Amino acid sequence: QVQLVESGGGLVQAGGSLRLSCVASGRTGSSYTMGWFRQAPGKEREFVAAITWSGSGAAYSDSVKARFTISRDNAKNTVYLQMNSLKPEDTAVYYCAVRRLNSLSVTHTNYDYWGQGTQVTVSS
């Protein structure tokens, strides 16, 4: 089993920045993809970003590209999401996820483990 714990969410004004972190523990396996998804009230869970084990591969949704950066530190089993130029429409619960295959995917059903989520609220 794998446990994921997110942190770093909060309230920020539009144009501000936040950095989310997610620590993985348990039987993560040797190589795995990590991703971030978000879900706003009344909306479906949507892909935000993902990164492969080595960090050489990364993917972003069009809505966050050029504003958000995903990175990871495998020695710490941690993935980060640096969020800049935040907009009110970025308000959501952000979830960290692990995909046991070392390949990128934007589909939430392709991820095997999930964190509890951290709230991000951007005020206008």
Side-chain angles (χ1 to χ4, degrees):
Q1 193 71 320
V2 174
Q3 294 78 42
L4 301 172
V5 179
E6 303 100 333
S7 62
L11 174 64
V12 64
Q13 289 188 331
S17 298
L18 283 174
R19 188 194 196 203
L20 305 183
S21 300
C22 173
V23 180
S25 61
R27 297 186 175 186
T28 55
S30 58
S31 299
Y32 53 93
T33 296
M34 297 191 79
W36 288 97
F37 290 75
R38 66 186 182 186
Q39 188 166 17
K43 295 188 176 181
E44 293 186 354
R45 190 166 299 192
E46 66 169 345
F47 171 76
V48 175
I51 187 167
T52 55
W53 171 257
S54 69
S56 61
Y60 298 90
S61 68
D62 288 342
S63 62
V64 308
K65 199 173 295 184
R67 298 188 298 123
F68 292 10
T69 302
I70 190 170
S71 61
R72 65 189 294 169
D73 183 341
N74 291 334
K76 297 181 179 179
N77 290 334
T78 301
V79 65
Y80 305 97
L81 186 68
Q82 178 66 45
M83 306 186 294
N84 298 329
S85 303
L86 283 160
K87 305 175 182 180
E89 50 264 43
D90 293 318
T91 295
V93 177
Y94 283 69
Y95 296 92
C96 171
V98 161
R99 171 171 161 82
R100 288 177 292 184
L101 295 178
N102 189 28
S103 59
L104 298 171
S105 175
V106 304
T107 306
H108 73 275
T109 55
N110 286 338
Y111 287 76
D112 303 290
Y113 303 101
W114 293 85
Q116 293 298 308
T118 184
Q119 177 71 46
V120 171
T121 303
V122 184
S123 63
S124 57

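What you are looking at is a predicted structure, and each value in this text was computed from that prediction instead of being measured. Scope of the values below: all heavy atoms of this structure, side chains included, with no hydrogens, waters or symmetry mates.
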Check this for me: Q116, atom CD, are more than 12 non-hydrogen atoms of other residues, nucleotides or ligands nearer than 6.0 Å?
no
Yes or no on side-chain contact (heavy atoms from CB on, under 4.5 Å) for D73 and Y80, after CA distance, side-chain angles and deciding distance?
CA-CA 8 Å; D73 183 341; Y80 305 97; 4.1 Å; yes
What pair of heavy atoms forms the shortest contact from W36 to S21, and how long is it?
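The answer is CH2-O, 3.7 Å.
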Least distance between heavy atoms, N84 atom then S17 atom
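Closest approach of N84 to S17: OD1-OG, 2.9 Å.
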Taking [X] for the side chain and [Y] for the main chain, is one N or O donor matched with an acceptor at less than 3.5 Å?
X    : Y    : value
E6   : C96  : yes
N74  : W53  : yes
T33  : S103 : yes
T121 : T91  : no
S105 : T107 : yes
S56  : S54  : no

Does either side chain, that of [X] or that of [Y], offer a donor lying less than 3.5 Å from an acceptor on the other one?
X   : Y    : answer
S31 : N102 : no
R67 : S63  : no
Y32 : R100 : no

Taking the side chain as C-beta and beyond, is there a heavy-atom pair between L81 and V64 under 4.5 Å?
no
For D62, is there an ion pair with K65 - N to carboxylate O distance below 4.0 angstrom?
yes
Option among D90, V12, V120, I70 that satisfies the side-chain contact (heavy atoms from CB on, under 4.5 Å) test with M83
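Going through the options one by one, the only one that passes is V120.
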Which of parallel (below 30°), tilted (30 to 60°) and perpendicular (above 60°) describes F68 and Y94?
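F68 vs Y94 ring planes: tilted.
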